[in-house]
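Heads up: the structure comes next, in structure tokens.
Keep in mind that what you see is a predicted model, and the values were worked out from it rather than measured. Numbers here simply count residues along the sequence, with the first being 1.
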Amino acid sequence: AAAGTVEDLKAAPFLMVDTALFDAGFRAELLKAIPDLDASLDGLLVHGDNFQALTLLGDRYREDFDCIYIDPPYNTDASAIDYKNGYKSSSWVTLLDCRLRAGKPLLKNDGVLFAAIDDAQFRELSFLAEEIFEKSLGTFAVRANPSGRPMKTGYSVSHEYMIAVGRSDKSFIGRLPPTDAQRARFNQIDEDGPFEWRNLRREGSNSDRTARSRLYYPMYLSGQSIRVPKMEWSEENDAWTILEQPRSDEVTVYPDNDDGDQKTWRWEGDTVMASLKQLAVRKDRSGKDYVYYKRRPNEDGVVSVSTWADAKHSATEHGSNFLKHFFEGKSFSYPKSIHVVTDAVYIGGASERNSKTLDFFAGSGTTGHAIINLNRSDKGKRKYALVEQGQYFETALKPRMQKVVYSADWRDGKPTAPETGISHAFKVLKIEGYEDALNNLDLKRSDAQASLLDGFSAEKRDDYLMRYMLDVEAKGSLLSVSDFRKPFDYTLKVAVDSAGAWEERRVDLVETFNYLIGLTVRHIDIQLKQGFVTVEGWLPTGEKTLILWRDCEKIGYEELTRLCDKLAINPADSEFDVVYINGDHNIPSVVETTEEEGSVIKKLMLRQIEPAFLDAMFNVDDV
């Protein structure tokens, strides 16, 4: 089919569509058509400084990620970082310290962080990670470069490290994925993924009734019906007293094996009745009806050893060379083996099919690629968030995610397995840099004040800059209350090259505010021709929230009153706990109604966007 036609799209249902290439009207209609926006997204890509990104995402994703995997720059001569002073090592430590502390609150209480590192900074990173996180889980040695890297001292380094730490004592390292032989047993599949039927009677060690007598009780079977009778525990007899007899159509089964030995069930009676969808009546080896459960692959697997030295762990073969297939031979600096990252995130929590993984040194996107591969293998719903500030974002990370969604395998930059495509959607956020923010400061300084600075030493000028200028002279110049009168027209000067050239770029205040207040977005309706945008969702407190943005020149007092009536924004019958509105308004937040029992006062929590936005934007108390 010809490229771009309907037939072409039907022939390639997993081809990714970049909505940034379409006009604002199309994007608005698309967003409005998605019933539960945040829940429908599989990934988040953030282009910008990772400390800023972690701060922006902090409220929205607090204690949300099961695993963090990072591969920070190693601070060697081969991969040096640009610093603004001569204290190279201490700057590197400060950089990692800030980002680990900012990333920690995003990890679940039982979450795990993996950090890849080499010999040069292993000691510093180990110290940092173990100081910031509550639990040291161990260190892996990874044979990432089988041929080795020659050193001046006469030997060749073929290994790297992977440090593992946990958020709490509940954190632990899981098993590696099942082997191919183990996976072959899971030949059934349902909406929750692959499984095999396994007898609910426990076998092997610790399976006798005497070991766990509470797990010895009857079940009543009739066709596919499974029922645990009413029972009462008897301490005296160390056994269940059965209070309910089987019906005439029911068969009684106990966890007794073919030899008549009394064993135990794997689950307690209450668990059985709460998990009937995971159970079935099937014939056992002797042909009798018995109870079977759905055993999942993540219940199997292999215990991790501390040395990963398989051929698949080579960063040369399964990192650099692997990526060349996706990008027509284009080379990339030091990508990790896809298998190392896949195994790391798996044992860090991604064995769970609905887990979330974060990487805030995303590079070429190997972590996102690993999550997509895992989802493809078991129809999982794992999600990821990737943060990268370098040029890799546009040249590698974003296109790599698009490519791997469409096809699992590529050769010479062309897809070789489009039949492996999956349904997937990710959001791209671009955040301005520190330099862009500084370039937009509008200083309120007279000529006389400016001349005073000429006599200052460089040290005193820097001190003045940090202590007074940014706080007082530039206050309100980046974003002021007046900017919220026409919120859809706000722009910043953004640098486009190192020579100082810049261009005006529109800033999405609506999306920024969603993240600043930690909103989980359910629905967005963009009506720019009418002059308003509404966002529905939930705050981290669980309060159902509506945000109403308006162009105050298009929607004044009277128009706002009519719009609020249309949207049912009033204390009498609003479905929302909290409503945010920008600009001055006269919408009532309290109404008194008289009923037979007496007067009832109903309140609607109305909040102004401006102070909430500015407080969240410029609050640096915990930075």
Side-chain angles (χ1 to χ4, degrees), residues 18 20 43-57 68-85 88 91-100 102-103 114-118 120-121 125 144 160 315 319-320 322-324 326-338 341 357-371 384-404 426-439 492 494-503 505:
D18 188 345
L44 174 67
L45 274 55
V46 185
H47 189 188
D49 176 84
N50 49 13
F51 181 76
Q52 285 180 278
L54 292 170
T55 304
L56 179 65
L57 302 179
I68 296 176
Y69 176 90
I70 56 171
D71 179 18
Y74 284 0
N75 201 28
T76 61
D77 291 337
S79 62
I81 311 169
D82 291 329
Y83 294 113
K84 290 185 166 111
N85 58 41
K88 181 176 177 182
S91 293
W92 185 90
V93 169
T94 301
L95 178 133
L96 266 296
D97 181 88
C98 291
R99 282 140 184 86
L100 287 174
F114 285 103
I117 197 63
D118 68 352
Q121 304 279 180
L125 187 56
E160 291 178 346
S320 304
F322 175 72
L323 257 191
K324 288 178 182 178
F326 286 78
F327 291 95
E328 299 180 79
K330 192 188 298 183
S331 62
F332 298 91
S333 302
Y334 317 113
K336 285 285 176 286
S337 162
I338 183 67
V341 180
T357 299
L358 169 65
D359 183 349
F360 48 86
F361 285 100
S364 64
T366 307
T367 301
H369 193 153
I371 295 299
Y384 59 85
L386 310 177
V387 182
E388 174 58 37
Q389 73 171 356
Q391 60 181 8
Y392 272 169
F393 189 91
E394 293 291 351
T395 60
L397 192 156
K398 182 183 167 189
R400 181 180 187 178
M401 293 302 101
Q402 293 171 300
K403 286 170 178 278
V404 73
F426 61 78
K427 180 196 288 188
V428 176
L429 288 181
K430 296 191 177 184
I431 57 178
E432 79 274 11
Y434 292 115
E435 288 78 8
D436 292 323
L438 291 173
N439 288 341
L492 276 179
V494 176
V496 292
D497 61 33
S498 58
W502 56 268
E503 65 181 35
R505 288 188 182 169

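- With respect to L358, the side-chain contact (heavy atoms from CB on, under 4.5 Å) criterion is satisfied by exactly one of T367, L386, L54: L54.
- Residues V428 and F393 are in side-chain contact: their nearest non-hydrogen atoms beyond the backbone lie under 4.5 Å apart.
- Rounding to the nearest 0.5 Å gives a distance of 12.0 Å between OH of Y69 and CD1 of I371.
- Once rounded to the nearest 0.5 Å, the distance linking NZ of K403 with CG of L323 reads 10.5 Å.
- Among L125, D359, I117, the one residue that satisfies the side-chain contact (heavy atoms from CB on, under 4.5 Å) test with I70 is D359.
- Every residue meeting the side-chain hydrogen bond (donor to acceptor under 3.5 Å, both in side chains) condition with D71, not counting sequence neighbours, appears here in chain and number order: Y74, K336.
- Residues F361 and L96 meet the side-chain proximity criterion, which asks for heavy atoms closer than 4.5 Å.
- Shortest non-hydrogen contact noted between T366 and S337 is CG2-O, 4.3 Å.
- In this structure, CH2 in W92 is found 10.5 Å from CG in D97, a value given to the nearest 0.5 Å.
- Rounding to the nearest 0.5 Å places CG of L57 at 7.5 Å from CD1 of I431.
- Nearest heavy-atom pair, A396 versus F327, reported as atom, atom and distance to 0.1 Å: O-CZ, 3.7 Å.
- Contact between I338 and A370 at its shortest, heavy atoms only, is CD1-N, 3.7 Å.
- Closest of all the heavy-atom pairs between A315 and P335 is CB-O, 3.7 Å.
- Judged by distance alone, with hydrogens and angles left aside, the side-chain atoms of N50 form no donor-acceptor pair with the main-chain N or O of V387 at under 3.5 Å.
- Applying the side-chain hydrogen bond (donor to acceptor under 3.5 Å, both in side chains) criterion to Y384, with sequence neighbours excluded, gives H424.
- Taken from NE2 in H47 to CD in Q391, the straight-line distance is 9.5 Å, to the nearest 0.5 Å.
- The heavy-atom pair separating L397 from A362 by the smallest distance is CD1-CB, 3.5 Å.
- The distance from the CZ atom of R505 to the CD atom of E432 is 11.5 Å, given to the nearest 0.5 Å.
- Between F326 and H369, the ring planes lie perpendicular to each other; the angle is over 60°, past the 30° to 60° tilted range.
- Checking side-chain atoms of E388 against main-chain N and O of G363 turns up a donor-acceptor pair under 3.5 Å.
- Summarising the geometry of K398 relative to L45, their closest heavy-atom pair is CA-CD2, 3.9 Å, with the distance given to 0.1 Å.
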